[in-house]
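The next block holds one structure in the form of structure tokens; read it before the comments.
Side chains included, hydrogens not; waters and symmetry mates left out as well; all remaining heavy atoms used.
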Amino acid sequence: MHVGPRPLIASAVLAALVAALTACSGHPDRPAAAARSASAPPSGSASPSATAPATATPSAPAATPTPAAASASSPAPSRTPAAAPAPATRLSLTAAAATGGGLKLVRGGPAQEFTVTVHNGNSQAYGHLLIAFQMEPLTGEPGDLPGPATPFVLERRDPATGAWRAADLRIAADAKPAHLYTGGAALARDAVRTERYRLRATATGPTGSSPLMVYAIDADAAEGTRADFEHPGHVSLPLTTRRVL
């Protein structure tokens, strides 16, 4: 009888039995334990990379317009229109009695003061601007006594010294050409100048009413210049002269 293979069969059965027993044991250093560890990690051990997205990474914020987007959506600022040039203005002239209204003189009585104000415009500066005075002769009334050739005395107050100095008063029915006047003072654009005058009636002479004409004369104007440029301003001040009753 041949019995040579039996030791091999017995060894194979014993190896299978050991493998089965090893698979059923829960020892951690066995292959079954290793397989169990790979399929289910122990509780409480969390991988940082697995939990970080849930706790550290904020959710995407709502879309907020960036400065570039805001500037793109807002309208472009409108341009401020250039300021219009100032309108041209010319010289103006005013005269006013110190007592209000017009001048009311009495033959041989005190002088009455009045002021003349020149307000230049922005169109022209003057090198020699002169203030000139003229009135028409009074016709006189019954009972008037003949008077001097100059029945009125006009004076101007010198602003530097405060003294009263004689000023020209033309008594005539015709106008004197502007280019025949001389003198005057400089007046810049938009400048204002106020001067004080006083007028007195002599003791004798005609009585009546005649306005006192006040002219601003451009003494540098050439002959033939338009009248409104020769005397760019004029005004009248009511004047009444009577004698003591």
Side-chain angles (χ1 to χ4, degrees), residues 89-107 109-139 148-160 162-202 205-221 223 225-242:
T89 57
R90 298 191 61 188
L91 180 146
S92 63
L93 187 67
T94 59
T99 56
L103 298 173
K104 298 178 181 180
L105 303 181
V106 176
R107 286 285 170 198
Q112 288 193 2
E113 288 191 32
F114 64 97
T115 58
V116 176
T117 300
V118 184
H119 190 164
N120 196 11
N122 59 15
S123 301
Q124 177 182 350
Y126 294 92
H128 296 88
L129 190 75
L130 176 71
I131 304 300
F133 301 88
Q134 180 172 330
M135 63 178 291
E136 293 185 359
L138 296 176
T139 57
T150 306
F152 295 93
V153 177
L154 178 65
E155 295 175 306
R156 172 183 173 271
R157 186 177 184 275
D158 186 347
W164 291 95
R165 305 186 184 281
D168 291 334
L169 171 62
R170 187 170 187 266
I171 301 177
D174 61 333
K176 179 179 179 179
H179 68 274
L180 296 179
Y181 285 93
T182 59
L187 187 66
R189 288 180 174 87
D190 291 322
V192 179
R193 188 172 74 203
T194 298
E195 297 182 347
R196 291 173 57 185
Y197 294 87
R198 66 183 184 184
L199 184 65
R200 176 174 60 86
T202 58
T207 58
S209 297
S210 178
L212 177 65
M213 302 300 299
V214 185
Y215 295 95
I217 303 293
D218 182 5
D220 295 330
E223 183 177 359
T225 304
R226 279 172 39 186
D228 57 338
F229 284 95
E230 285 184 334
H231 47 83
H234 67 277
V235 67
S236 63
L237 190 63
L239 170 61
T240 300
T241 305
R242 62 182 180 85

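- Residues Glu195 and Arg156 are paired through a salt bridge, judged by an N-O separation under 4.0 Å between the basic side chain and the carboxylate.
- When all heavy atoms of Ala111 and Arg200 are compared, the pair lying nearest together is CB-CB, 3.7 Å.
- The line from CE of Met213 to CZ of Phe133 is 11.5 Å long, rounded to the nearest 0.5 Å.
- Considering all non-hydrogen atoms of both residues, Pro151 and Arg107 come closest at O-NH1, 2.7 Å.
- When every heavy atom of Ala216 is checked against every heavy atom of Pro232, the shortest pair comes out as O-CD, 3.1 Å.
- Taking the six-membered ring where the residue is Trp, the centroids of Tyr181 and Tyr215 are separated by 6.0 Å or more.
- Atom OG1 of Thr241 sits about 8.5 Å away from atom CG of Leu103, to the nearest 0.5 Å.
- A donor-acceptor contact under 3.5 angstrom links the side chains of Ser209 and Thr240, judged on distance only.
- At most 12 heavy atoms of other shown residues, nucleotides or ligands fall within 6.0 angstrom of atom NE2 in His234.
- Within 6.0 Å of CG in Asp168 there are 12 or fewer heavy atoms belonging to other residues, nucleotides or ligands.
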Test Leu169 against Thr150 for side-chain contact (heavy atoms from CB on, under 4.5 Å), laying out the working first.
CA-CA 9 Å; Leu169 171 62; Thr150 306; over 6 Å; no
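- Checked by atom type, the side-chain pair Arg193/Thr117 shows no donor-acceptor distance below 3.5 Å.
- The minimum heavy-atom distance between Thr194 and Thr115, with the atom names listed, is CG2-CB, 4.2 Å.
- Every residue was checked against the ring pair (Phe, Tyr, Trp, His ring centres under 6.0 Å) condition with Tyr126, not counting sequence neighbours, and none meets it.
- Nearest approach of Gln134 to Ala172, heavy atoms of both residues: NE2-O, 3.2 Å.
- Side-chain atoms of Asn120 never come within 3.5 Å of backbone atoms of Ala191 as a donor-acceptor pair (strictly under, hydrogens ignored).
- With a 4.5 Å cut-off on side-chain heavy atoms, Pro211 and Leu239 do not count as touching.
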Verify side-chain contact (heavy atoms from CB on, under 4.5 Å) between Val214 and Leu93, making sure each step is shown before the conclusion.
CA-CA 8 Å; Val214 185; Leu93 187 67; 4.1 Å; yes
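- Put simply, the side chain of Phe114 does not reach to within 4.5 Å of the side chain of Arg196, judged on heavy atoms.
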Might you work through the side-chain contact (heavy atoms from CB on, under 4.5 Å) test for Leu199 and Val153, ending with a clear yes or no?
CA-CA 6 Å; Leu199 184 65; Val153 177; 6.0 Å; no
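- Counting only heavy atoms from C-beta outward, the side chains of Val118 and Val192 never approach each other to under 4.5 Å.
- In this structure, the separation between CD on Glu113 and CD on Glu155 is 10.0 Å, given to the nearest 0.5 Å.
- Interatomic distance, Gln124 CD to Arg189 CZ, rounded to the nearest 0.5 Å: 7.5 Å.
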May I have the step-by-step check of side-chain contact (heavy atoms from CB on, under 4.5 Å) for Arg157 and Tyr197, ending in yes or no?
CA-CA 6 Å; Arg157 186 177 184 275; Tyr197 294 87; over 6 Å; no
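- Asp218 is not listed as a side-chain neighbour of Glu230, based on a closest heavy-atom distance of 4.5 Å or more.
- The minimum heavy-atom distance between Thr202 and Phe152, with the atom names listed, is CG2-N, 4.3 Å.
- Rounding to the nearest 0.5 angstrom, the gap separating the CE atom in Met135 from the CG atom in Leu237 is 11.0 Å.
- Between atom CG of residue Leu129 and atom CD1 of residue Ile217 there is a gap of 8.5 Å, rounded to the nearest 0.5 Å.
- Within the structure, every pair that satisfies the side chain to side chain donor-acceptor pair (under 3.5 Å) test and touches residues 89-104, not counting sequence neighbours, is listed here: Thr89-Asn122.
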